[in-house]
There are 2 protein chains.
Amino acid sequence: MESFYEQCKANNLKITPQRVAVFKALTSSLSHPSADQIHRELKKEFPNISLDTVNRTLLTFAKADMIDVVEGHGDPRRFDPNQEAHHHFYCISCRGIFDFHDSAVDNISVSPELEKRFTITGKRLCLSGYCDNCRSSQ
Amino acid sequence: MESFYEQCKANNLKITPQRVAVFKALTSSLSHPSADQIHRELKKEFPNISLDTVNRTLLTFAKADMIDVVEGHGDPRRFDPNQEAHHHFYCISCRGIFDFHDSAVDNISVSPELEKRFTITGKRLCLSGYCDNCRSSQ
DNA sequence: TTGACAAATAGGATTGAATCCTATTTAATC
DNA sequence: GATTAAATAGGATTCAATCCTATTTGTCAA
């Protein structure tokens, strides 16, 4: 929490009870909650806190690079006809998702402890950045 | 398209002009479109096709394992307070997203051609499956 | 080929996530 | 403590996704 105050100052963000509560709720969760989940949690302590405030606060933190939005989540559903093993590149600018193939990546193996901790049925490398079109038109 | 008809038969899906058109539109796109994008595209040829039909058709194909839904997309936005290098495991059952650390995975390098094709700013391994809680409660 | 029927579609209604709008409140600074 | 720009509450709005139901259409068997 030390660095929370520092990061707020560094980004000219006022320290409000709502922001402190949102940050605490997020960092104390292990499952990467949605704005709605955090809102329901915080209602117990702040019955009047609005969902908009929770959502806006989280986006404010994200813009200040204090937290991240989990890849993909929050965007409209997208469909993929490619049934072969492949991976995804997501263009931050045009929002296109492009496949790439890489057998070295296909053969990545994760640690045995992780295999014990979870039953893994899907595995995909998700890259993000700028596609050729978007970087050249800037 | 051969295998499209076969797959439909194998899954007892009637072959309708709408389904054929949706499948063609999806497979001829390179950017993994949304239902809305496909719907706008198909309106040119089928002015009366409904968005619900497009969306339902795509979900039907996905349920029959003919296509996939791109990871994360379509779910509510989720937030991640972890600023260290890490990767994600997504539980299909409880929808929790859990971090894991794996330095071997951190150091994955993709092919030089890919580095040329895109400007890569983010890299993350996305696993999916069942978390410990969910697999034991089944 | 036709008839019967279960399945699929159109399109309007509804739900749910996210955002916008604006009056009110509040943190920061002097 | 007063000032001011920023933040909040909560109702309204937008947009994606889904539901509902009357109508249409593939499929299969006669």
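Every chain is numbered from 1, with letters handed out A, B, ... down the list of sequences.
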Exercise. For residues H87(B) and D99(B), is any side-chain donor paired with an opposing acceptor at under 3.5 Å?
Worked result: no

Problem set entry | F23(A) CZ to C8(A) SG distance, which is reported to the nearest 0.5 Å | 8.0 Å

Exercise. Does R77(A) put a side-chain nitrogen or oxygen below 4.0 Å from OP1 or OP2 of dT18(D)?
Worked result: yes

Problem set entry | H32(B)-H88(A) aromatic ring centre distance below 6.0 Å | yes

Problem set entry | Phosphate-side-chain proximity, Q18(A) and dA9(D), N/O vs OP1/OP2 below 4.0 Å | yes

For this session: Could you tell me whether I108(B) atom CD1 has more than 12 heavy atoms of other residues or ligands within 6.0 Å of it?
Result: yes

For this session: Go through Y90(A) and D75(A) one step at a time and tell me if the side-chain contact (heavy atoms from CB on, under 4.5 Å) criterion holds.
Result: CA-CA 12 Å; Y90(A) 174 73; D75(A) 290 332; 3.3 Å; yes

Exercise. With respect to the phosphate group of dT19(C), does any side-chain polar atom (N or O) of N55(A) fall under 4.0 Å of OP1 or OP2?
Worked result: yes

Considering only nitrogen or oxygen atoms on both sides, find all protein atoms under 3.5 Å from nucleotides 28-30 of chain C and state each distance.
| unit_1 | atom_1 | unit_2 | atom_2 | d |
| --- | --- | --- | --- | --- |
| dA28(C) | OP1 | I15(A) | N | 3.0 |

Seminar exercise, completed: R19(B) CZ to dA7(C) C1', in whole Å, measures 8 Å

For this session: Take the angle between the ring planes of F61(A) and F4(A) and call it parallel below 30°, perpendicular above 60°, tilted in between.
Result: perpendicular

For this session: Starting at atom NZ of K43(B), determine the distance to atom C1' of dT9(C), rounded to an integer number of angstrom.
Result: 13 Å

Exercise. Does T53(B) put a side-chain nitrogen or oxygen below 4.0 Å from OP1 or OP2 of dT9(C)?
Worked result: no

Exercise. How long is the line joining CG of D75(B) and C1' of dC15(D), in whole Å?
Worked result: 17 Å

Exercise. Just checking P17(A): base, sugar-phosphate only, or nothing, at a heavy-atom cut-off of under 4.0 Å?
Worked result: sugar-phosphate

Exercise. If each of L51(A) and P47(B) is mapped to the nucleotide of DNA chain C with the nearest heavy atom, which maps nearer the 5' terminus, i.e. the 5' end?
Worked result: P47(B)

Exercise. How long is the line joining CG of N12(B) and C1' of dA6(C), in whole Å?
Worked result: 12 Å

Exercise. Within this structure, what is the NE2-to-P distance between H73(A) and dA16(D), rounded to whole angstrom?
Worked result: 19 Å

Problem set entry | Nearest-angstrom distance from the residue atom CZ of R40(B) to C1' of dA16(D) | 12 Å

Exercise. Looking at D52(B), V54(B), N48(B), which one forms a side chain to side chain contact (heavy atoms under 4.5 Å, CB included) with S50(B)?
Worked result: D52(B)

Exercise. For H39(B) and dT9(C), what is the distance between atoms NE2 and C1' respectively, to the nearest whole Å?
Worked result: 12 Å

Exercise. Could you give the CZ-to-P distance, from F46(B) to dT25(D), as a whole number of Å?
Worked result: 12 Å

Problem set entry | side-chain contact (heavy atoms from CB on, under 4.5 Å) between K14(A) and R19(A), intermediate numbers included | CA-CA 9 Å; K14(A) 290 184 179 173; R19(A) 282 180 174 166; 4.1 Å; yes

For this session: List the steps and the verdict of side-chain contact (heavy atoms from CB on, under 4.5 Å) for S128(A) and F89(A).
Result: CA-CA 5 Å; S128(A) 53; F89(A) 174 85; 5.6 Å; no

At a cut-off of 3.5 Å, list every protein nitrogen or oxygen paired with a nitrogen or oxygen from nucleotides 20-22 of chain D, distance to 0.1 Å.
| unit_1 | atom_1 | unit_2 | atom_2 | d |
| --- | --- | --- | --- | --- |
| dC20(D) | N4 | D52(B) | OD2 | 3.4 |

Exercise. So how far is it from F98(B) CZ to F118(A) CZ, rounded to the nearest 0.5 Å?
Worked result: 6.5 Å

For this session: For L59(A), report the nucleic acid contact type (base, sugar-phosphate, nothing); a contact means any heavy atom under 4.0 Å.
Result: sugar-phosphate

For this session: With heavy atoms under 4.0 Å as the rule, sort I49(B) into base, sugar-phosphate or nothing.
Result: sugar-phosphate

